4 protein chains.
Amino acid sequence: MTHDHSDSIQRLKIVEGHIRGIQRMLEKDQYCIDIIRQIQAVGAALNKISTSLLDQHLNTCLLSAIQSDDLVEQKRVLNEITEVFETSQKI
Amino acid sequence: MTHDHSDSIQRLKIVEGHIRGIQRMLEKDQYCIDIIRQIQAVGAALNKISTSLLDQHLNTCLLSAIQSDDLVEQKRVLNEITEVFETSQKI
Amino acid sequence: MTHDHSDSIQRLKIVEGHIRGIQRMLEKDQYCIDIIRQIQAVGAALNKISTSLLDQHLNTCLLSAIQSDDLVEQKRVLNEITEVFETSQKI
Amino acid sequence: MTHDHSDSIQRLKIVEGHIRGIQRMLEKDQYCIDIIRQIQAVGAALNKISTSLLDQHLNTCLLSAIQSDDLVEQKRVLNEITEVFETSQKI
């Protein structure tokens with residue numbers, strides 16, 4: 001199961017640049033609230049990437065796992081979805 | 001596809017009592033931060049109920065939808081998972 | 001320090017009715033995803049109430065605590081803000 | 001008002017390395033769920049940095065703004081806290 005992750009990689013490169021920009025804001029001792037806002041913007045960008053990856057995963061790996069006859073594998077992929085959903089509520 | 005929701009109903013009854021308790025805290029003008037903490041506790045309890053319902057949904061409705069031959073239905077149930085995941089990050 | 005919490009109490013009464021509605025959805029075994037969406041809507045409503053209470057708290061209790069000369073009290077109220085902020089990220 | 005942000009800068013450098021690691025996971029087309037978990041770990045690390053910055057802000061900028069006689073400035077710094085609290089619930 002191969003995926004085209006070029007869009008997510010591109011978005012992570014932007015996040016990486018954003019993180020470096022926040023480091024510079026901290027080095028220059030810019031206003032804390034502005035820095036927190038930038039960190040929150042990075043968090044929102046990461047959430048979008050996670051959502052996009054989950055969507056891709058559901059339509060490829062999960063779909064083929066469930067359409068296989070491997071009940072253990074089915075249970076495993078379904079549990080993973082529940083687990084990342086649970087974690088997403090805590091971040 | 002029927003489910004046993006008795007556990008979730010029981011937990012929602014507890015949440016309902018919790019909400020009424022918070023109303024009384026507000027009526028007595030108790031300390032704001034203590035009230036906010038109680039609201040956050042309710043939020044955490046609701047997240048657990050959502051996670052439990054999602055787990056049940058994945059192992060019943062989603063599983064049977066994907067094992068059917070209805071590609072439109074498959075796509076629909078998968079999109080719903082992505083959507084509730086996306087929303088869970090925003091609450 | 002007294003507050004007018006009538007708006008928050010009103011909004012919590014609506015949340016309470018919403019929670020009872022979700023119990024009925026569960027009793028009728030309605031579609032899991034629709035139920036999860038309703039729980040997420042309650043979570044969003046609770047977040048708004050928390051934000052409103054925090055705003056009120058900052059402009060009353062926190063303000064007067066910081067304008068007092070009690071350094072221990074100042075530290076306590078500031079720590080509480082950090083703590084509810086931290087918890088809000090985890091719900 | 002100057003702050004020692006060396007700890008937050010150090011933690012952001014770790015986050016930056018983490019982000020680059022996730023890019024490599026995507027380039028190698030590693031398992032989607034493992035990648036989502038890594039993104040969620042970055043989100044949790046960013047939340048800790050935000051909390052630490054807020055704590056510092058409250059004990060420096062906010063404290064001095066409120067202890068000044070500038071009512072407009074007081075209102076502004078308090079509104080900012082409400083705003084970042086509100087945003088933190090949505091990420």
Side-chain angles (χ1 to χ4, degrees), chain A residues 1-13 15-47 49-58 60-62 76-77 79-81 83-84 87-88 90-91, chain D residues 1-13 15-47 49-58 60-62 76-77 79-81 83-84 87-88 90-91:
Chain A
M1 195 72 55
T2 63
H3 309 84
D4 177 10
H5 285 318
S6 52
D7 178 60
S8 294
I9 292 169
Q10 189 51 37
R11 287 198 268 169
L12 274 177
K13 281 188 200 299
V15 164
E16 191 190 329
H18 207 158
I19 296 279
R20 273 198 297 270
I22 297 169
Q23 288 172 34
R24 281 191 298 272
M25 291 178 81
L26 286 164
E27 281 158 5
K28 291 180 192 166
D29 198 14
Q30 292 190 359
Y31 190 52
C32 300
I33 294 291
D34 290 338
I35 298 171
I36 291 171
R37 284 176 182 141
Q38 292 306 315
I39 294 176
Q40 291 180 329
V42 168
L46 290 174
N47 283 347
I49 299 171
S50 289
T51 299
S52 167
L53 289 171
L54 183 74
D55 188 55
Q56 217 170 354
H57 173 69
L58 293 173
T60 52
C61 310
L62 180 116
R76 195 184 61 74
V77 297
N79 280 349
E80 284 172 347
I81 305 304
E83 188 207 300
V84 295
T87 303
S88 78
K90 295 184 184 158
I91 296 177
Chain D
M1 195 70 59
T2 63
H3 309 84
D4 177 8
H5 284 319
S6 53
D7 178 60
S8 294
I9 291 169
Q10 188 52 37
R11 286 198 269 169
L12 273 177
K13 281 189 200 299
V15 164
E16 190 191 331
H18 207 158
I19 296 279
R20 272 198 296 271
I22 297 169
Q23 287 171 35
R24 281 191 297 273
M25 289 177 82
L26 285 164
E27 282 158 5
K28 291 181 192 165
D29 198 14
Q30 293 189 0
Y31 190 52
C32 299
I33 293 291
D34 290 337
I35 298 170
I36 291 172
R37 284 177 182 139
Q38 293 306 314
I39 294 175
Q40 291 180 328
V42 168
L46 290 174
N47 283 348
I49 299 171
S50 289
T51 299
S52 167
L53 289 171
L54 183 75
D55 188 55
Q56 218 171 352
H57 173 69
L58 293 173
T60 53
C61 310
L62 180 117
R76 195 185 61 75
V77 296
N79 280 348
E80 285 173 347
I81 306 302
E83 189 205 299
V84 294
T87 303
S88 78
K90 294 184 184 159
I91 295 173

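Below, read A as the first sequence line, B as the second, and so on, with proteins coming before strands; counting in each chain starts at 1. Given the structure is predicted, the values throughout are model-derived calculations rather than measurements.
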**Student:** Do D:Glu16 and A:Glu16 come close enough that some side-chain heavy atom pair is under 4.5 Å?
**Tutor:** yes
**Student:** Not counting sequence neighbours, which residues clear side-chain hydrogen bond (donor to acceptor under 3.5 Å, both in side chains) with A:Asn79? List them please.
**Tutor:** none
**Student:** I'd like to verify something: which residue of D:Ile35, D:Ile49, D:Leu26, D:Ile19 has the highest number of heavy-atom pairs under 4.5 Å with chain A?
**Tutor:**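 Most pairs with chain A among the choices: D:Leu26.
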**Student:** Between D:Glu83 and A:Arg37, is any pair of side-chain heavy atoms under 4.5 Å apart?
**Tutor:**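 Contact flag for D:Glu83/A:Arg37 side chains = yes.
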**Student:** With sequence neighbours left out, what residues match D:Glu80 under salt bridge (charged side-chain N to carboxylate O under 4.0 Å, His left out)?
**Tutor:**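 D:Glu80 satisfies salt bridge (charged side-chain N to carboxylate O under 4.0 Å, His left out) with D:Arg76 once adjacent residues are dropped.
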**Student:** At a 4.5 Å cut-off on heavy atoms, which part of A:Ser88 comes close to chain D: side chain, backbone, both, or neither?
**Tutor:** both
**Student:** Given heavy-atom pairs under 4.5 angstrom as the criterion, report whether the side chain, backbone, both or neither of A:Gln56 touches chain D.
**Tutor:**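 No part of A:Gln56 comes within 4.5 Å of chain D.
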**Student:** Taking D:Ile33, D:Leu46, D:Leu53 one by one, which has the highest count of heavy-atom pairs under 4.5 Å against chain A?
**Tutor:** D:Ile33
